[in-house]
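Below: one structure, written as structure tokens.
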Amino acid sequence: MTDLTTLLNEEQFEAATAPDGPLLILAAAGTGKTRTLVYRVVHLIERGIPPEAIMLLTFTNRAAREMLERAEDVTGGATRGLWGGTFHHVANRFLRKFASKLGFRPDFTIFDAEDQRTLMGNCIKGLGFKPSEFLKRELVLSLISGATNRGLEFEDYAESRIEDTEIPLEQVIKVADEYARLKIQNNGMDFDDLLVNALRLLTEHDDARLFYQEHFQHILVDEYQDTNILQSQFIDTLGSPHKNVSVVGDDFQCIYSWRGSNYDNIMSFPDRYPGTLIVKLEQNYRSLPEILKVANASIKQNKKQFEKTLRSTRASLHAKPTVYSVYSDTEQAARVIEIISKAVSAGYSYDDIAVLYRSHFHSSQIDRELTKSNIPFAVTSGIGFYEQAHIKDILALLRITIFPVEKLALMRVLQLLPGVGAVTVERIWGKLGGVFEVEKENHRKNLLAFLPAKARPFWSAVDVALEEFVANNRSIKAVNDLVDKFINLFYIKHLSQQYDNAEERKDDIFELVADIEQHYDLTEYLANITLKTNVDREKDKKDQTSEETPHVLLSTIHQAKGLEWPVVIVVWLTEGMFPSSRALLEDLSCSEERRLFYVAVTRAKDNLHLFVPRVRFMHGGGRMDCIQSRFIKEIPEELVRNVEFSFNSPGFGGGYSPSYYRRF
DNA sequence: ACCAATCACTTTTTT
DNA sequence: AGTGATTGGT
Ligand SMILES: Nc1ncnc2c1ncn2[C@@H]1O[C@H](COP(=O)(O)OP(=O)(O)OP(=O)(O)O)[C@@H](O)[C@H]1O
């Protein structure tokens, strides 16, 4: 038995060892909510609950894995079989088992954002509408997703969102219907469908519901403030017989309401679950008191919040967070490098440092400067590894060897051939009769015959490789061979024609192959790959390369959720950047943006650096003066140290004393 | 009819 | 950098 009293404080211990029944931990940042949840898992297992009867829901798959690793260490491996992951991950597992109940094949595809756009483009064209300023695919997709994740009727929601615009509601509705039809026809679901259909499975199919209700005796949810209505209903349904539902969250940190997250879920939890044990944690173990003062002062500006006390357990070092006023993007980048170098000379590792920002493109200048300075770093970019064009090309090739109804994948691969475009490929799919099975010789023959003469020599080479792959039972070991041939026979030409970093992309592809070789089952690999995010991947790489070089992380604040670093640098704190201009239009009070700022600040353990550029160089060469972000203005003067760099201050590098930098 | 090359435009956040 | 729209070429 693990002695939890030595690992947790009194309140944490009470929560971790609470008896069966609903439990709510509502507490601000860094108070050990996640840690408490980990030890609740440990406690349940040591109490004799079988691990497969426990479900742990987290915001990223990475978070689940880290938590389970910790629990595994403590329990000596007794967590095997526990279900951990995101809602989408769990929904996917449910749906693979019971797909036929909802009219899907169990090998249904999961469409990523790009697939969704392709499909939506087909809908608009297919209905004879021409994509216009008023009927963009992004728009229709965002209306569909917005309605879905808020549990609203599409027509009502769409109407309310586009009233006072010239967007044609009639057409939007037609297109949305067509999109739904096309997804089913293609045997696929998008991300939202996973949630919708998993919930439908539970509500509409008694046997499936009873099966899972009996299976899961305990449900634990981290980051509960960022769940939406579908997710909370999913949990409520699953947990309704026993109400052994433990949720953890902080309404200050709700930063996904733009996709339907609603912190009313956490606020109304005790009403939905009478008899809830509510535990509040007030001691912050992460940050120095000076950092917490800034965080608390900032979040106080939000009106609709629940008061929470938050005090640091750490001793003050009288090192206030610093606000830097810099001239431009370029100077900002140079000063960030300085801070990183100084932190490293003070004894920190590169791993201890993160640069955080509102939007991906805020990182580009810093990216360049870090490269120039030879400082190791990683960026969590907007497109994930598996979403890159060249990776998706290869995955599409593999998909068509495994799944018979893969229109999108087949279209993608064929369009790589010379002389084959969207129209040809559509016609071929029709002639094939909506199915292509690579192991059937006549299917392959037909495909070759339907291709235009220009493309045929290329494809016949690939065809041979496909045949060999089938002869090798489409085993994991044969993947390398297939991909190698595919690349050398023609794909490499495409790469070098299209991009100037063809070699890099080829390396990526073989990295993908190596990743596939770590798995046993190609079918399963392909079925789940869409759910892998780049945050998950960062962790995969860490696990595999035993000694990865320490590196600075550049990340959006959204992707930094739940993480912590000794040194945190936040850049581009100007009106229009953070808060973002679009947020300014939508919500003048910027409450969600402020919560995002709160999240950024509370990632820091020892040092917090806030950057405010004074000018911004625009696209065409124009210059715009920046206004300091309201989030900086709102911080009382005495809580921060101000450093102003004038444009011509004696060389980048001098000008202020670094003596406040100490290793703690 | 259809493909492919070219140019102009733009940048919130993600499972 | 990557997308979308337009246009010239086969
Ligand atoms: N009782 C404790 N003793 C020592 N360290 C603790 C204790 N509780 C939490 N910590 C440490 O405090 C830090 C923050 O904990 P954790 O990430 O669990 O907090 P959190 O409430 O989930 O934070 P956030 O809301 O910001 O995600 C971690 O480094 C954790 O190890």
Side-chain angles (χ1 to χ4, degrees), chain A residues 57-64 85-92 110-114 116-118 121 124 130-133 136-138 141-142 145 148-149 189-195 223 226-228 230-231 254-261 356-364 367 380-384 386-389 415-427 452-455 497-501 528 530-536 555-561 572 576-587 590 592-593 595-597 599-600 616 618-620:
Chain A
L57 291 161
T58 54
F59 204 74
T60 59
N61 291 311
R62 173 199 174 141
T86 59
F87 282 89
H88 291 85
H89 173 85
V90 169
N92 184 30
I110 302 173
F111 300 127
D112 71 5
E114 191 196 13
Q116 288 183 284
R117 276 196 300 272
T118 308
I124 295 177
K130 59 173 193 307
S132 73
E133 203 184 327
K136 279 197 281 235
R137 21 189 204 174
E138 307 291 347
L141 284 169
S142 108
S145 182
T148 308
N149 285 303
M189 304 187 197
D190 59 26
F191 286 122
D192 295 340
D193 291 332
L194 290 173
L195 300 181
E223 309 276 11
D226 269 319
T227 53
N228 65 29
L230 299 174
Q231 293 165 325
C254 175
I255 54 176
Y256 282 89
S257 67
W258 48 273
R259 67 170 207 211
S261 301
L356 305 181
Y357 37 83
R358 172 71 243 255
S359 313
H360 288 293
F361 75 99
H362 296 171
S363 70
S364 58
D367 185 320
T380 57
S381 88
I383 26 155
Y386 301 100
E387 289 168 336
Q388 300 175 97
Q415 285 192 72
L416 297 168
L417 300 164
V420 181
V423 183
T424 310
V425 104
E426 190 74 42
R427 201 169 46 216
K454 212 165 145 194
Q497 232 166 50
Q498 209 79 23
Y499 311 100
D500 47 16
N501 62 347
N528 299 324
T530 318
L531 295 179
K532 275 222 184 184
T533 63
N534 45 16
V535 185
D536 302 330
S555 172
T556 59
I557 299 165
H558 282 91
Q559 295 198 44
K561 190 180 183 145
W572 269 120
M577 298 297 248
F578 190 15
S580 84
S581 46
R582 303 224 356 214
L584 280 165
L585 285 178
E586 276 162 31
D587 171 20
C590 289
E592 176 138 324
E593 297 285 293
R595 292 195 291 268
L596 197 57
F597 181 67
V599 170
R616 176 178 166 194
M618 306 302 282
H619 201 180

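By convention in this document, chain letters (A, B, ...) are assigned in the order of the sequence lines, proteins followed by strands, and residues within each chain are numbered from 1. Values in this document were obtained by computation on a predicted structure and should not be read as measured data.
If you take CZ of A:Phe59 and C1' of B:dT14, they are 7 Å apart, rounded to a whole angstrom. The distance between atom CD of A:Glu387 and atom P of C:dA1, rounded to the nearest whole Å, is 18 Å. The nearest whole Å value for the distance from the NE2 atom in A:His362 to the C1' atom in B:dT13 is 11 Å. Rounded to an integer number of Å, the gap from CG of A:Asp190 to P of B:dT14 is 18 Å. Put simply, OH on A:Tyr256 is 6 Å from P on B:dT14, counting in whole angstrom units. With rounding to whole Å, A:His360 atom NE2 is found 14 Å from C:dG2 atom P. Atom CD in A:Gln559 sits about 8 Å away from atom C1' in B:dT14, given to the nearest Å. The interatomic distance linking A:Leu531 (CG) with B:dT15 (C1') rounds to 8 Å, in whole Å.
Across all strands, A:Phe87 comes closer than 4.0 Å to no nucleic acid atom at all (heavy-atom distances). Using a 4.0 Å heavy-atom cutoff across all strands shown, A:His89 reaches no nucleic acid atom at all. Contacts of A:Glu586 with the nucleic acid, taken as non-hydrogen atoms under 4.0 Å apart, include base atoms. Among the protein residues, A:Ala422 comes within range of the sugar-phosphate backbone only, with heavy atoms under 4.0 Å from sugar or phosphate atoms but none that close to a base. Contacts of A:Arg427 with the nucleic acid, taken as non-hydrogen atoms under 4.0 Å apart, involve only primed sugar atoms and P, OP1 or OP2.
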Filtered N/O pairs between nucleotides 7-10 of chain C and protein, under 3.5 Å:
none

Enumerate the protein-to-nucleotides 4-7 of chain B contacts in which both atoms are nitrogen or oxygen and the separation is below 3.5 Å.
| unit_1 | atom_1 | unit_2 | atom_2 | d |
| --- | --- | --- | --- | --- |
| B:dA4 | OP1 | A:Gly419 | N | 2.2 |

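If you take NE2 on A:His360 and CG on A:Asp367, they are separated by 12.5 Å, rounding to the nearest 0.5 Å.
B:dT13 has A:Trp258 stacked on its base ring, the centres lying under 5.5 angstrom apart and the planes within 30 degrees of parallel.
Looking only at side-chain heavy atoms (C-beta outward), A:Met577 and A:Phe361 come within less than 4.5 Å of each other. Side chains of A:Tyr357 and A:Thr556 form a contact here, defined as non-hydrogen atoms less than 4.5 Å apart. Side-chain contact between A:Cys590 and A:Leu584 is present, with heavy atoms from C-beta onward closer than 4.5 Å.
Under a 3.5 Å cut-off, the side chain of A:Asp226 and the backbone N or O of A:Glu223 do not form any donor-acceptor pair. A donor-acceptor pair is defined here as one N or O able to donate and one able to accept, closer than 3.5 Å; no such pair exists between the side chain of A:Ser257 and the backbone of A:Gly260. Within the 3.5 Å criterion, the main-chain N or O of A:Ser145 finds a donor-acceptor partner in the side chain of A:Asn149.
Using a cut-off of 4.0 Å between Lys/Arg side-chain N and Asp/Glu carboxylate O, A:Glu592 and A:Arg595 are scored as salt-bridged.
A residue-by-residue look at A:Val423 and A:Phe191 shows that A:Val423 has its nearest nucleotide of DNA chain B further toward the 5' end. For A:Asp192 and A:Ser580, each mapped to the nucleotide of DNA chain B holding its nearest heavy atom, the one lying further toward the 5' end belongs to A:Ser580.
Checking the phosphate oxygens (OP1, OP2) of B:dT12, a side-chain nitrogen or oxygen of A:Arg582 falls inside 4.0 Å. OP1 or OP2 of C:dG4 has at least one side-chain nitrogen or oxygen of A:Arg137 nearer than 4.0 Å.
Between A:His558 and A:Tyr256, the distance from one ring center to the other falls under 6.0 angstrom.
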Practice prompt. Give the intermediate values and the outcome of side-chain contact (heavy atoms from CB on, under 4.5 Å) for residues A:Glu387 and A:Asp112.
Written response: CA-CA 8 Å; A:Glu387 289 168 336; A:Asp112 71 5; 4.0 Å; yes
